[in-house]
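As structure tokens, the structure follows; a few thoughts come after it.
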Amino acid sequence: MFSLSSTVQPQVTVPLSHLINAFHSPKKTPVSVSPSISQNQHRDVVSEHEAPSNEPVLNLRDLGLSELKIGQIEQLVDSLLPGFYKDKNVSSHWHTSHVSAQSFFENKYGCLDMFSTLRSSCLYRQHSRTLKSICSDLQNWPVFIQSRGFKTLKSRTRRLQSTSERLAETQHTAPSFVKGFLLRDRGSDVESLDKLMKTKNIPEAHQDAFKTGFAEGFLKAQALTQKTNDSLRRTRLIVFILLVVGIYGLLKNPFLSVRFRTTTGLDSAVDPVQMKNVTFEHVKGVEEAKQELQEVVEFLKNPQKFTVLGGKLPKGILLVGPPGTGKTLLARAVAGEADVPFYYASGSEFDEMFVGVGASRIRNLFREAKANAPCVIFIDELDSVGGKRIESPMHPYSRQTINQLLAEMDGFKPNEGVIIIGATNFPEALDNALIRPGRFDMQVTVPRPDVKGRTEILKWYLNKIKFDQSVDPEIIARGTVGFSGAELENLVNQAALKAAVDGKEMVTMKELEFSKDKILMGPERRSVEIDNKNKTITAYHESGHAIIAYYTKDAMPINKATIMPRGPTLGHVSLLPENDRWNETRAQLLAQMDVSMGGRVAEELIFGSDHITTGASSDFDNATKIAKRMVTKFGMSEKLGVMTYSDTGKLSPETQSAIEQEIRILLRDSYERAKHILKTHAKEHKNLAEALLTYETLDAKEIQIVLEGKKLEVR
Ligand SMILES: Nc1ncnc2c1ncn2[C@@H]1O[C@H](COP(=O)(O)OP(=O)(O)OP(=O)(O)O)[C@@H](O)[C@H]1O
Ligand SMILES: [Zn+2]
């Protein structure tokens with residue numbers, strides 16, 4: 001009968017131990033079930049199981065007894081208890097009470113009464129289908145029932161049983177090595193068969209079967225223990241090997257060690273960047289700088305060529321220039337042209353709050369670079385690491401980083417193939433030791449691009465976007481005096497964005513002008529509501545500037561006039577120098593003053609001296625500055641002569657008043673000239689102001705059309 005276990009199928013099974021265990025209750029307890037009692041189901045179950053309460057229950061499953069196929073349960077019960085089904089007759093209420101019965105019994109006796117459960121819920125009803133369905137409900141029976149866990153009786157039997165059930169549970173869920181741990185002391189729990197037979201009062205008739213089952217279960221348990229022990233050993237071995245390999249990798253593998261160091265932040269290494277794609281082609285408008293750096297490229301390409309002749313190339317090159325003029329780009333281009341690794345570091349990276357971190361980073365950087373020579377090390381913002389060393393109790397270690405940099409620069413030979421390029425906006429802030437020969441001894445100035453350079457830069461970036469053929473980069477270049485390469489790149493980008501926002505397919509001059517004004521004067525203030533009166537004043541004011549510029553010989557050509565508020569202004573007139581002005585003549589300076597006066601003169605002439613506004617204050621600032629420089633710097637005043645007056649505060653009161661008087665005369669004359677022009681061209685002035693009121697913005701061509709008395713085409 002117990003050999004059933006060997007044919008166990010993967011279908012629903014009931015541990016045989018429970019069944020055997022359950023046999024004790026019906027044999028010792030007279031079944032007192034009657035339909036009347038079944039009204040209180042909980043109480044029914046209590047009365048049914050009260051009798052065997054003090055008898056410890058044997059759980060054979062714990063001994064490794066086999067499992068039983070569902071279909072064979074009835075057969076098994078029938079052969080163990082012949083006529084059992086026929087004798088019993090139970091109400092269908094029992095069907096619903098089996099869960100309570102089990103848990104109560106379990107709570108009370110610390111073990112599971114499987115037999116009563118089967119009997120009450122299924123066997124009595126002689127319904128094989130029901131039996132199967134109940135059994136399938138109880139598929140994980142030992143696990144579910146035992147996990148309720150509010151037992152009170154701590155008998156040995158219960159311990160055995162719960163151990164077995166924990167193991168059953170573990171078999172489903174825990175990995176094999178855990179099972180191994182749990183199973184280790186199982187053998188000690190198994191007692192001798194005879195002792196068990198005695199304690200459990202196994203009837204004579206069933207003892208043979210019991211023994212066979214015990215032996216079988218014992219062998220199975222042994223096999224399982226062996227298996228789990230093996231798997232535990234295997235797992236331990238794998239973990240150990242992984243640990244050894246991991247430690248070895250951390251110590252030996254440079255990739256891992258670099259990562260490790262980098263993450264500590266104390267000793268970070270730098271990865272080189274190969275700059276093949278950046279060449280001198282990409283850097284526009286800085287021809288001189290490119291020429292100077294060309295020989296460095298040659299050196300990096302072929303260091304031996306220079307050693308043969310005995311020539312020494314500088315170790316360090318200092319790129320000096322305002323922000324955004326392309327210093328970084330040039331350094332990258334040097335590495336790209338020579339096709340060597342490029343190490344980028346920013347001076348501020350070495351500026352650490354922890355003592356020695358900056359110095360250690362510099363050491364690291366140079367070590368890596370030397371191992372990869374020929375190469376270029378670029379240190380941006382050199383002034384933040386190589387600033388003048390200060391002796392201060394507040395910064396006792398401020399010299400460490402720069403000293404390390406000096407030591408590293410001294411530490412390699414000139415022709416070793418490592419070129420250090422430093423960039424700074426403030427060369428005067430650098431420590432003298434850093435710029436002496438043998439260190440950063442070559443200085444390359446990277447200035448703001450001139451009009452030709454700006455045109456080239458604009459063309460370069462325009463070629464990366466879609467633009468209309470009517471776009472003239474030179475006009476934009478002329479209107480962007482003082483713009484750096486980075487600002488010009490931004491201008492083109494903003495124009496492209498504006499065109500996209502407006503749903504245009506291409507960038508036109510309009511978008512480029514728009515983004516130029518935005519960068520120069522801030523965004524348009526379209527939302528600002530300006531009343532008609534103020535609009536009219538602004539229109540006459542701005543066209544006053546434009547008329548003076550148009551009719552004054554030495555004034556710059558007009559580019560645009562607008563009454564669209566932008567930034568802090570209500571409108572503006574922009575003038576375009578034909579070229580970058582390296583020098584300005586007296587006539588040009590006077591013309592600039594006249595144009596500035598044009599706004600206020602217009603207000604006075606049109607609206608009367610009582611209605612002049614505050615809008616001319618920045619115009620006067622501008623004009624006064626020009627007049628003051630003419631008198632105190634440029635020697636353009638006959639009365640004060642060719643002398644400079646730098647600190648006017650220290651001058652004698654007479655000289656001071658003489659200077660003031662000269663400035664006043666220059667300004668007054670300028671005002672009068674402007675008045676004369678506007679009176680002469682009152683008609684044009686009026687036409688232009690009205691055109692501005694109608695169209696808001698007029699470009700150079702449109703202004704010309706209006707001033708020539710022609711009609712503007714409706715836009
Ligand atoms: N002369 C130039 N030609 C082409 N592009 C330029 C030029 N100058 C600047 N740019 C553009 O501006 C960007 C920023 O320039 P870059 O970083 O080289 O300036 P920088 O002088 O190093 O500035 P900083 O001093 O602020 O570090 C570049 O990536 C490039 O796109
Ligand atoms: Zn003005």
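Counting starts at 1 for both ligands and their atoms, following the listed order. Please read these numbers as outputs of a predicted model, since none were measured by experiment.
A heavy-atom distance below 4.5 Å is not found between the side chains of Lys518 and Lys498. Two residues are said to be in side-chain contact when any heavy atoms from C-beta on lie closer than 4.5 Å; Leu434 and Leu382 meet this criterion. When side chains are defined from C-beta on, Leu590 counts as touching Met630, because their heavy atoms get closer than 4.5 Å. Proximity of Glu584 to Gln592: side-chain heavy atoms (C-beta onward) are separated by under 4.5 Å at one or more points.
The nearest heavy-atom contact from the protein to atom 22 (O) of ligand 1 is Thr328 OG1, 2.5 Å. Among all protein heavy atoms, the one lying closest to atom 14 (C) of ligand 1 is Ala486 CB, 4.0 Å. Protein heavy atom in closest approach to atom 3 (N) of ligand 1: Lys284 N, 3.0 Å. Among protein heavy atoms, atom 27 (O) of ligand 1 sits closest to Asp380 OD2, 3.4 Å. Nearest protein heavy-atom contact of atom 7 (C) of ligand 1 is Gly485 CA, 3.9 Å.
Polar contact with ligand 1: present for Gly324 (N/O pair, distance under 3.5 Å). Close N/O approach between Pro323 and ligand 1 is not found [any backbone or side-chain N/O within under 3.5 Å]. Considering backbone and side-chain N/O atoms, Leu329 comes within less than 3.5 Å of an N/O atom of ligand 1.
Within the set Lys327, Glu487, Glu456, the minimum heavy-atom distance to atom 25 (O) of ligand 1 is found for Lys327.
Under the side-chain contact (heavy atoms from CB on, under 4.5 Å) test applied with Asp594, the options Arg673, His545, His676, Glu672 reduce to a single match, Arg673.
With hydrogens and angles left out, the side-chain atoms of Asp383 and Thr424 include a donor and acceptor closer than 3.5 Å. A side-chain donor from one of His282 and Thr279 sits under 3.5 Å from a side-chain acceptor of the other.
Nearest N/O/S atom of Asp619 with respect to the Zn ion (ligand 2) is recorded as OD2.
The aromatic rings of His681 and Tyr551 sit parallel, their planes meeting at an angle under 30°, below the 60° perpendicular limit.
Taking backbone and side chain together, His541 holds an N, O or S atom under 2.8 Å from the Zn ion (ligand 2). When distances to the Zn ion (ligand 2) are checked against a cut-off of 2.8 Å, Glu542 contributes no N, O or S atom below that limit.
Against a heavy-atom cut-off of under 4.0 Å, Asn425 is close to the following atoms of ligand 1: 25 (O). Contact atoms of ligand 1 toward Val283: 1 (N), 3 (N) (distance under 4.0 Å to a heavy atom of the residue). Close contacts of ligand 1 with Glu489, meaning ligand atoms under 4.0 Å from a residue heavy atom, involve 11 (C), 12 (O), 13 (C), 30 (C), 31 (O).
Interatomic distance, Ile563 CD1 to Leu693 CG, rounded to the nearest 0.5 Å: 5.0 Å. In this structure, the separation between CZ on Phe483 and CD1 on Ile519 is 5.0 Å, given to the nearest 0.5 Å.
For His282, the heavy-atom gap to ligand 1 drops under 4.0 angstrom. Residue-ligand proximity: Tyr461 is placed with a non-hydrogen atom under 4.0 Å from ligand 1.
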Next item on the list: Before giving the answer on side chain to side chain contact (heavy atoms under 4.5 Å, CB included), spell out for Ile475 and Asp699 the whole-Å C-alpha distance, their side-chain angles and the decisive distance to 0.1 Å.
Entry: CA-CA 12 Å; Ile475 292 182; Asp699 64 21; over 6 Å; no

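In Leu330, neither the side chain nor the backbone holds a heavy atom less than 4.0 Å from any atom of ligand 1.
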